[in-house]
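Presented below is the structure to which this report refers.
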Amino acid sequence: MLDLKLNSAEDTDAFGRRLGALLHAGDVVILSGSLGAGKTAMTKGIAAGMGVIGLVTSPTFVIARVHPAGEEGRPGLVHVDAYRLSGPLELDDLDLDSDLERAAVVVEWGEGVAERLAGDHLVVTLERLPDDTRRAQLRGVGQFWEQRLAQLS
């Protein structure tokens with residue numbers, strides 16, 4: 001487990017960029033935390049680190065947005081907001097398995113729903129602290145993520 005303090009929106013973005021630079025097609029990142037914890041801000045940083053194309057905004061009403069790779073050989077990004085999904089079956093209806101061949105998938109509000117997308121995945125729990133800073137706890141599931149977390153610390 002990796003525990004970080006993010007003092008500002010810029011820190012959240014910078015960390016997201018570092019994480020995004022490490023992502024490959026097939027990676028699943030699950031973001032959890034209350035409203036305003038920084039899930040979409042983190043995703044914007046991840047997208048920038050991946051170099052994907054398109055403006056990253058919360059996909060709350062469309063459920064999922066696809067951002068193509070900006071460079072040959074790099075993965076695209078599928079950004080999912082699972083807040084309005086009633087469970088894993090509705091997530092299955094999005095057919096994200098086929099996207100994993102060419103994209104990394106970041107799922108906001110995905111804990112308890114998105115783990116089944118990949119045996120190895122990363123869970124990032126964001127917490128907004130009283131002083132308006134953020135705490136990020138990263139928990140890698142599977143041997144693959146344990147190794148990559150060491151690169152982020």
Side-chain angles (χ1 to χ4, degrees), residues 1-60 64-83 88 91 94 96-97 99-153:
M1 173 145 358
L2 181 61
D3 200 338
L4 303 170
K5 184 170 184 187
L6 305 169
N7 292 315
S8 64
E10 292 79 17
D11 287 351
T12 302
D13 181 74
F15 179 75
R17 287 172 184 263
R18 286 182 36 218
L19 175 57
L22 294 176
L23 294 181
H24 304 283
D27 286 341
V28 173
V29 177
I30 299 169
L31 301 178
S32 76
S34 62
L35 276 172
K39 295 178 296 297
T40 301
M42 175 77 64
T43 304
K44 288 178 181 184
I46 290 170
M50 294 178 70
V52 299
I53 297 170
L55 179 65
V56 175
T57 59
S58 178
T60 300
R65 293 186 195 277
V66 176
H67 300 279
E71 185 179 305
E72 183 79 29
R74 293 285 297 151
L77 172 68
V78 178
H79 181 198
V80 179
D81 186 326
Y83 183 77
L91 187 68
L94 296 176
L96 296 175
D97 294 348
D99 291 319
L100 287 171
E101 295 175 15
R102 62 187 179 284
V105 176
V106 173
V107 185
E108 294 186 33
W109 302 98
E111 208 163 14
V113 177
E115 293 87 353
R116 62 193 278 163
L117 290 173
D120 285 2
H121 56 271
L122 178 65
V123 178
V124 180
T125 303
L126 293 161
E127 178 185 6
R128 185 177 186 171
L129 301 174
D131 64 358
D132 209 31
T133 62
R134 305 298 192 271
R135 177 181 183 197
Q137 290 184 310
L138 287 78
R139 181 174 49 88
V141 176
Q143 186 177 15
F144 182 69
W145 274 107
E146 288 177 19
Q147 295 168 357
R148 286 166 83 195
L149 279 180
Q151 295 175 337
L152 288 169
S153 59

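The two atoms that bring Gln137 and Arg135 nearest to each other are NE2-NH2, 2.8 Å, heavy atoms only. The nearest pair of heavy atoms linking Gly110 to Ala82 is CA-CB, 4.3 Å. Taking every heavy atom of both residues into account, Leu77 and Ala103 meet most closely at N-CB, 4.1 Å. Taking all atoms of both residues into account, the shortest heavy-atom contact from His79 to Val56 is ND1-CG1, 3.8 Å. The heavy-atom pair separating Pro75 from Ala25 by the smallest distance is CB-N, 3.6 Å. Of all non-hydrogen atoms in Val141 and Gly119, the two that sit nearest each other are CG1-O, 3.5 Å.
Within the model, atoms CG of Asp120 and CD of Gln147 stand 9.5 Å from one another, a figure rounded to the nearest 0.5 Å. Summarising the geometry, atom CG belonging to Asp3 is positioned 13.0 Å from atom CZ belonging to Arg139; distances are rounded to the nearest 0.5 Å. For the atom pair Thr133 OG1 and Leu4 CG, the distance stands at 12.0 Å (nearest 0.5 Å). Separating the CZ atom in Arg116 from the NE2 atom in His121 is a distance of 12.5 Å, to the nearest 0.5 Å. Here the CD atom belonging to Glu108 is positioned 4.5 Å from the OG1 atom belonging to Thr43, to the nearest 0.5 angstrom. Taken from CD1 in Ile46 to CZ in Arg17, the straight-line distance is 11.5 Å, to the nearest 0.5 Å.
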Steps toward side-chain contact (heavy atoms from CB on, under 4.5 Å) verdict (Trp145, Val28): CA-CA 10 Å; Trp145 274 107; Val28 173; over 6 Å; no
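Taking the side chain as every heavy atom from C-beta outward, Val29 and Met42 never approach each other to under 4.5 Å. Counting only heavy atoms from C-beta outward, the side chains of Phe15 and Val124 never approach each other to under 4.5 Å. Using a 4.5 Å cut-off on side-chain heavy atoms (C-beta onward), Leu122 and Leu19 make contact. A heavy-atom distance below 4.5 Å is found between the side chains of Asp27 and Phe144.
With salt bridges taken as basic N to acidic carboxylate O contacts below 4.0 Å, one links Asp132 and Arg134.
A donor-acceptor contact shorter than 3.5 Å links the side chain of Glu115 to the backbone of Val113. Between the side chain of Arg74 and the main chain of Val52, no donor-acceptor pair closer than 3.5 Å is present. Here the side chain of Lys39 pairs a donor or acceptor atom with the backbone of Ser34 at under 3.5 angstrom. Not one N or O on the side chain of Arg148 forms a donor-acceptor pair closer than 3.5 Å with the backbone of Glu146.
Residue-environment remark: CD (Gln143) stays at or below the threshold of 12 foreign heavy atoms within 6.0 Å.
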